[in-house]
S.K.: 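Provided herewith is a single structure, encoded as structure tokens, for subsequent inquiry.
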Amino acid sequence: MKRSTILLTAVIALGLFLAPDPSHAQVVAKTPRIGMLTPAFDPHPGFEGFRQGLRDLGYVEGQSIALEYRFAEGKAERLPELAAELVRLKMDVILASSVAAARAAQHATETIPIVFGGTDPVGQGLVASLARPGGNITGVSYNDPALMGKRLELLKAAVPGVTRVAYLWYAAPNAAPFLQEAERVVRALGIQLHPVEVRDPYPFDQAFATMAAAHTDALTTQPNAEFFTRRTQIVDLAAKMRLPGIFDTREFVEAGGLMAYGNSIPAIYYRAATYVDKILKGAKPADLPVEQPTKFELVINLKAAQALGLTIPPTILFQANEVIQ
């Protein structure tokens, strides 16, 4: 054999040895991408819980998983176009941070799996049932209407002089169960409920003026993404009117509200990460039952209480998971 032939054979063999494994190249290129869709502003408090959940499952953002964020910034009408954009980008899973976001994603795709965090998904038509959600969607359901009654009980115990509670609500498809529960509980507590409805574009100044005219002396709100996104404005107006309020998530208290009782938003989305992980490993959303949290937290803001001239009874402080000084 000629020397040149031997040399050529060696070069070819070396090239084949050093060539990248096609299967390995395919794995590297297949970094799963998660579309993060929310009506809220950046940052969304639940998304850090989701990222922590992914980290605890072994994912590294930017390496073994990629997150593509879309914030509607309080403009729910933008959700359909943002959902459609995530579909065009061919996300592997879409995480929706509210029922409205989940519905927009549902309308945009029947094939890309959707994981949601939201209230009353059965009543709002997102899933067929909690046990068998069906379709391409599953997730975590929170803010059971029964919690509205517990909030009013805690408010009355913390501020015994309350007689007329303003109930700020928004005409969402799931509004009725919350209002019905609130009306049931106030009768048992011997106080009055004064519902005040707001609609887009959310004229909260007018709503609080209505509360003042009705001589309300406390406040609670219907749990929904619209109010959560605008929680700072709501809490500020309540403080100006010197209305003690109880809300559904700690983020209202961190914004200056008096009390909150409900689910932890970061914990909800921490659990959502397990759904995404299962789906990426081959599970179908229709086969993953919707989860309902069983842990709740009571958070009290003593600084807000002092500003309102209130002394929270020790029995209520003892029940608190956290007291903000």
Side-chain angles (χ1 to χ4, degrees), residues 38-40 44-46 49 74 97-101 116-121 123-124 139-159 162 165-186 193 195-198 202 204 207 218-238 243-269 271-272 292-301 304 316 319-322 324:
T38 177
H44 186 286
S97 79
S98 71
V99 168
F116 69 86
T119 301
D120 190 20
Q124 300 205 66
V140 184
S141 172
Y142 62 98
N143 260 329
D144 187 287
L147 296 177
M148 180 59 68
K150 179 65 174 177
R151 289 185 195 108
L152 288 167
E153 291 171 357
L154 285 167
L155 178 62
K156 178 64 174 175
V159 191
V162 165
V165 179
Y167 176 72
L168 191 66
W169 71 287
Y170 171 79
N174 68 328
F178 291 100
L179 180 56
Q180 291 165 0
E181 176 66 8
E183 290 174 334
R184 182 189 70 81
V185 172
V186 295
L193 192 74
V196 179
E197 182 185 4
V198 292
Y202 310 103
F204 289 116
L219 169 70
T220 192
T221 59
Q222 170 194 334
N224 58 49
E226 289 77 13
F227 292 168
F228 181 83
T229 300
R230 297 165 176 82
R231 59 191 179 277
T232 300
Q233 184 182 1
I234 292 171
V235 165
D236 287 348
L237 285 167
L243 284 178
I246 188 164
F247 307 95
D248 58 301
T249 69
R250 66 178 299 123
E251 284 76 18
F252 281 88
V253 177
E254 291 171 349
L258 177 63
M259 303 171 63
Y261 179 77
N263 304 116
S264 163
I265 296 298
I268 294 296
Y269 289 92
R271 292 295 305 156
Q292 291 183 293
T294 57
K295 293 183 179 180
F296 311 99
E297 60 179 5
L298 172 62
V299 184
I300 299 174
N301 187 333
I316 300 300
Q319 297 178 50
N321 299 87
E322 182 176 348
I324 298 175

S.K.: Rounded to the nearest 0.5 Å, what's the gap from CE on M259 to CG on L219? Could you check?
M.R.: 12.5 Å

S.K.: Does the plane of the ring in H44 sit parallel, tilted or perpendicular to the ring in F228? Use 30° and 60° as the thresholds.
M.R.: tilted

S.K.: Do you know the tightest heavy-atom contact between N263 and P293?
M.R.: ND2-CB, 3.6 Å

S.K.: Please give me the minimum heavy-atom distance between I300 and A320, naming the atom from each residue.
M.R.: CD1-CB, 3.9 Å

S.K.: Donor-acceptor pair, distance only, cut-off 3.5 Å: does the side chain of N321 make one with the backbone of L298?
M.R.: yes

S.K.: Please assess V165 against K156 for the test side chain to side chain contact (heavy atoms under 4.5 Å, CB included), listing each intermediate value before the final yes or no.
M.R.: CA-CA 10 Å; V165 179; K156 178 64 174 175; over 6 Å; no

S.K.: Could you walk me through whether T221 and W169 pass the side chain to side chain contact (heavy atoms under 4.5 Å, CB included) test, one step at a time?
M.R.: CA-CA 6 Å; T221 59; W169 71 287; over 6 Å; no

S.K.: What is the distance from atom CD of Q222 to atom CG of L168, rounded to the nearest 0.5 Å?
M.R.: 8.5 Å

S.K.: Could you grab the distance from atom CD of Q124 to atom OG of S141, nearest 0.5 Å is fine?
M.R.: 9.5 Å

S.K.: Would you check if the side chain of Y269 reaches a backbone N or O of S97 as a donor-acceptor pair within less than 3.5 Å?
M.R.: yes

S.K.: Considering all heavy atoms of both residues, which atom of V159 and which atom of P244 are nearest to each other, and what is their separation?
M.R.: CG2-CB, 4.2 Å

S.K.: Are the charged groups of E254 and R250 less than 4.0 angstrom apart, N to O?
M.R.: yes

S.K.: State the OH-CD distance between Y170 and E226, to the nearest 0.5 angstrom.
M.R.: 4.5 Å

S.K.: Would you check, one step at a time, whether the test side chain to side chain contact (heavy atoms under 4.5 Å, CB included) holds for V253 with I324?
M.R.: CA-CA 8 Å; V253 177; I324 298 175; 3.7 Å; yes

S.K.: Run V99 and F116 through side chain to side chain contact (heavy atoms under 4.5 Å, CB included) and show every step you take.
M.R.: CA-CA 7 Å; V99 168; F116 69 86; 5.7 Å; no

S.K.: What are the two closest heavy atoms between L258 and F247, and how far apart are they?
M.R.: N-CE1, 4.3 Å

S.K.: To the nearest 0.5 angstrom, please state how far the OG atom of S264 sits from the CD atom of E322.
M.R.: 10.5 Å

S.K.: Under 3.5 Å, side-chain donor or acceptor atoms of residues 179-186 against the rest of the protein: list the pairs with distances, not counting sequence neighbours.
M.R.:
from : atom 1 : to   : atom 2 : distance (Å)
E181 : OE1    : R184 : NE     : 3.2
E181 : OE2    : R184 : NH2    : 2.8

S.K.: Identify the heavy atoms of P266 and P45 that sit nearest to each other, and give their distance.
M.R.: CG-O, 3.8 Å

S.K.: What is the minimum heavy-atom distance between G74 and T229, and which atoms define it?
M.R.: CA-CG2, 3.7 Å

S.K.: Within a reach of under 6.0 Å around CZ of R231, are more than 12 heavy atoms found that belong to other residues, nucleotides or ligands?
M.R.: yes

S.K.: Is the charged tip of R230 near the ring of Y202: under 6.0 Å from the six-membered ring centre and within 45° of its axis?
M.R.: yes

S.K.: Are the aromatic rings of F178 and Y167 close, with centres under 6.0 Å apart?
M.R.: no

S.K.: Please check if the side chain of T220 supplies one atom and the backbone of I246 the other of a donor-acceptor pair under 3.5 Å.
M.R.: yes

S.K.: Got a second to check how far Y261's OH is from E297's CD, nearest 0.5 Å?
M.R.: 10.0 Å

S.K.: Tell me which pairs pass side chain to side chain donor-acceptor pair (under 3.5 Å) where either residue lies in residues 143-155, with sequence neighbours left out.
M.R.: N143-R151, N143-D248

